[in-house]
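Letters A, B, ... are given to chains in the order of the sequence lines, protein chains preceding strands, and every chain is numbered from 1.
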Amino acid sequence: MSEISKAYEPQAVEEKWYAAWQNEGCFTADPASPKPGYSIVIPPPNVTGMLTLGHVLNNTIQDVLARRARMKGFEVLWLPGTDHAGIATQTVVERKLRKEEKKTRRDLGREAFLERVWEWKEKHGGIIISQLKKLGCSCDWSRERFTMDEGYSRAVQATFVDLYGKGLIYRGKRMVNWCPVSLTALSDEEVIMKPQKGVLYRMRYELVERPGEYLEIATTRPETLMGDTAVAVHPDDERYKHLIGQHVWRPFPRLQIPIVADEHIDPQFGTGVLKVTPAHDKADFEIGQRHHLEILDVLNPDGTLNELAGSEFAGMDRFVARKAAAAKLAELGLLVAEEPYQNNVGFSERADVPIEPRLSLQWFLKYPSVEQSLEAVKSGEIRFRPERWVSTYEHWLTNIQDWCISRQLWWGHRIPVWYRKDDESVIHVGLEAPADEENWRQEEDVLDTWFSSWLWPFETMDEATRAKFYPTGDLVTGPDIIFFWVARMIMAGYEYTGRKPFSDVFFTGLIRDIQGRKMSKSLGNSPDPLELIAKYGADGIRFGLLRIAPQGQDIRFDEKVVEEGRNFANKLWNAARFRQMQGPSAPDADLSGLPLSIYSIDLLAKLDELIAKVNGAYAEYRFNEIAQSLYDFFWSEYCDWYVEAAKTEISGSDEAARASALAVMDTVLNRLLRLLHPFMPHITEELWETLGFSARSHGKPFVLYSDWPEPVGIAALVGEAAVKAAQE
RNA sequence: GGGCAGUUAGCUCAGUGGUAGAGCGGUUCGUUUACACCGAAUUGGUCGGGGGUUCAAAUCCCUCACUGCCCACCA
């Protein structure tokens, strides 16, 4: 038994035990184990990612679940990995290329560029994995997966081929969300609406059939008027009814365009007249379809105007053109007014610029197994916690549009489609190119990243692993990716395994700063978890965060909570140190036959209550309650009350009383260490060893391999009456 | 425009029918040999407003206000 230092210094201890666990293969899951299986798949962080507090919360919860399951006798698989994160990763590498070599990806060409991305990935990618290790995560690292591993990639493409075969995937020219910076289409989920301060321009178009008379129109986007192919009014609008079917002059390029009637127009808004630009607005596009209007695309992919907009606008950025168009209207005497106006504009989630609705040729998916996925969550076959997310899920799933799955990127899973060179309408869909490969051209586009992550729960496993560990148990993730990921995994699970991919989903809250703002890089309000770990220890940050993490409620983060976690670890350390000073402790103290003081009986009764309470809280995923209960019991009941009271007996001359007090301490401490282990794995492991409790472990001498504690059963030992008496 | 959360001590938050809680902060003590990353004591709230149900409401119901988030093709 070694001497314990006065203050707990987590760094060396944490490193030592993490290495020991890994060397002993403690995290390795054995599909052949006779024990029942329990599994979690990690929400794969972006390969470009750095550990955030959100990751800390999320992964600590997963680690708690995994470690407790191990102690409860399950064979545990916590499967880790990373996501290739198409746009994010490609952007990082492109930026580096531009900065260091002043080149674009097109300068390199597809193959050379992809080589660079792989190089980057090998060198800088996956930093987050080593950061998760610092946190103490008990993932089976021998099974680490990447969404672009060879086998995984093949599965992704095979899924495409399969869904195509089922008639669920089609290619079509549709209105999509286009990001003018990333130069790719995005799914609806990747667009974020933001209120923007802008201007509502009131302009007037002259009536063709009634020269000198004008129709007043309100718009926020005058730069698209060159693409107008109609104006629309409500069919019942008395003001304009007589004009339906007539024409107005689009001022530039000057053109006669019809006045059409459409139910979509709100007579109350603006002047009740809408300029219809079918190529640059989703609603306008639909109006265009209904009235067979011409689609006039006046924008380039990068958001500049093209020559169809007129030579004076060609090449001009859309926002510059907005002002220029307004100025030209004013010059022509057609601008009636400019009013400050606030409206919602869709932004690209990644590039943070307004997206452009754009008509383009893309691949779409009609979601599979929708009904079953809906039913599974409604019926509780898959349980959501907190339950309120069920309605969010339902609402989305009952209103989904087809998923635009193609991306105009290079980094990702290339769509397994070939077009015949002499006739592009002839296509081949399959994992391999046709035999006469030279006559075919493969689709340039790659698949949306989420088209690969929706297979994560089962494609990360081989046959034997799936037999043992699939469906997985708990999924721990943020509610922000309920549509992106959770819902799609459920659909893929049913479609491809015929089973649910997981039984329980626990949605964590979002971590905000002390002012309630979202953590973000630009605000600089996101503390670096690694610095916190260095300062307070991984156990400190784990315990501190979980203690204030209520069920799915957002969390305001203050470094104080981590400090408290550290203090708690220190207190634990010193309580063990105090016990050690009184002589060797017994791994399995026998309390029967010992003269138990009323303090002892009271404490043991409270310990039994604690264990019951903790088990109950686990059943409901109330992690903050578990942490708080352990904290209160240990600090108030054990340290402040029991140990102080027992000091009399410990230093007294009554040997039996002394032995009894120490035995009670051992009984409490070894259970407490086990109860705390999922939350604070390192320090409990260290103390388990120093106090000599390893005899209670199974196989390997770790607390990690000990049993989840059973109650002492104090009522049975001394009788209900004695317990009651002690507690009064 | 819909939907969902939240509003409890100076601060951050627990508490879902039965005499208001924790941590931090403040104040006052304490070098008693586990711990100052500590201990003892103490301060502090008409539980967002209004109405209702009940013997009893922070807790259930209604309503209002404010804040946040999600969904939504009003230009």
Length of the line joining A:Glu559:CD and B:C11:P, which is rounded to integer Å: 21 Å

Per A:Asn570 side chain, nearest of listed nucleotides B:C38, B:C4, B:C37: B:C37

Whole-Å C1' distance, B:U59 and B:G52: 15 Å

Touch class at under 4.0 angstrom, heavy-atom based, for A:Asp266 against every strand present: base

A:Asp228 and A:Tyr205 side chains, donor-acceptor separation under 3.5 Å: yes

Donor/acceptor link under 3.5 angstrom from A:Lys560 side chain onto base of B:C24: no

Distance below 4.0 Å between A:Arg556 side-chain N/O and B:C13 OP1 or OP2: yes

Cation over ring face, A:Arg566 and A:Tyr536, 6.0 Å, 45°: no

P atoms of B:A65 and B:A41, separation to the nearest Å: 47 Å

Touch class at under 4.0 angstrom, heavy-atom based, for A:Lys647 against every strand present: base

Any strand: nucleotide that pairs with B:U54 via Watson-Crick or wobble, under 3.5 Å: none

Length of the line joining A:Asn343:CG and B:C73:P, which is rounded to integer Å: 14 Å

Span that lies between the C1' atom of B:C29 and that of B:C47, in whole angstrom: 32 Å

Length of the line joining A:Glu9:CD and B:C37:C1', which is rounded to integer Å: 12 Å

Interatomic distance where CD1 belongs to A:Ile555 and P belongs to B:U12 [whole Å]: 15 Å

B:U7 and B:C55, which share atom name C1', separated by this distance in whole Å: 29 Å

Pairwise P distance, B:G30 and B:G18 [rounded to whole Å]: 42 Å

Partner nucleotide of B:A20 by Watson-Crick or wobble geometry (both distances under 3.5 Å): none

Sugar-phosphate, base or nothing in reach of A:Arg566, heavy atoms under 4.0 Å: base

Nearest-nucleotide comparison on RNA chain B, the residue closer to the 5′ end among A:Asp640 and A:Phe634: A:Phe634

Geometric class of the A:Phe568/A:Tyr631 ring pair [parallel <30°, tilted 30-60°, perpendicular >60°]: parallel

Length of the line joining A:Arg388:CZ and B:A5:P, which is rounded to integer Å: 6 Å

Pairing nucleotide - B:A65, Watson-Crick or G-U, each distance under 3.5 Å: B:U7

Below 4.0 Å: OP1/OP2 of B:A72 and any side-chain N or O of A:Asn344: no

d(CD, A:Glu564; P, B:G23) in whole Å: 9 Å

Earlier contact from the 5' end, RNA chain B, for A:Phe269 and A:Ile192: A:Ile192

Sugar-phosphate only, base, or nothing, as touched by A:Leu274 at under 4.0 Å among non-hydrogen atoms: base

No-hydrogen, no-angle side-chain donor-acceptor test under 3.5 Å, A:Ser391 and A:Glu394: no

Residues A:Tyr642 and A:Ser600: side-chain donor-acceptor under 3.5 angstrom: yes

Sugar-phosphate only, base, or nothing, as touched by A:Gln268 at under 4.0 Å among non-hydrogen atoms: nothing

Nearest-angstrom distance, P atom, B:U42 to B:A36: 24 Å

Student check: side-chain heavy atoms of A:Val345 and A:Met193 closer than 4.5 Å: no

Euclidean distance for P, B:A20 against B:G44 (whole angstrom): 16 Å

Note: A:Arg318-A:Glu223 ion pair, threshold 4.0 Å (strictly below): no

A:Lys571 side chain, from C-beta outward: closest of B:A75, B:A22, B:C35: B:C35

Length of the CZ-P vector between A:Arg322 and B:A75, whole Å: 12 Å

d(CD1, A:Ile511; P, B:C69) in whole Å: 17 Å

Phosphate OP1/OP2 of B:A75 contacted by A:Tyr341 side-chain N/O (<4.0 Å): yes

Watson-Crick or G-U wobble mate for B:C38, both contacts under 3.5 Å: B:G30

Donor on one side chain, acceptor on other, A:Gln362 and A:Trp178, under 3.5 Å: no

For B:U59, the Watson-Crick or wobble counterpart (both distances under 3.5 Å): none

Side-chain-base donor-acceptor pair under 3.5 Å for A:His395 and B:C70: no

Donor-acceptor pair present, A:Gln582 side chain and B:A34 base, under 3.5 Å: no

Side-chain N,O (A:Lys6) to OP1/OP2 (B:C35) below 4.0 Å: yes

Side-chain N or O of A:Arg622 closer than 4.0 Å to phosphate OP1/OP2 of B:G15: yes

Separation of the C1' atoms in B:C69 and B:A75, to the nearest angstrom: 26 Å

Base partner of B:C74, which must satisfy Watson-Crick or wobble distances under 3.5 Å: none

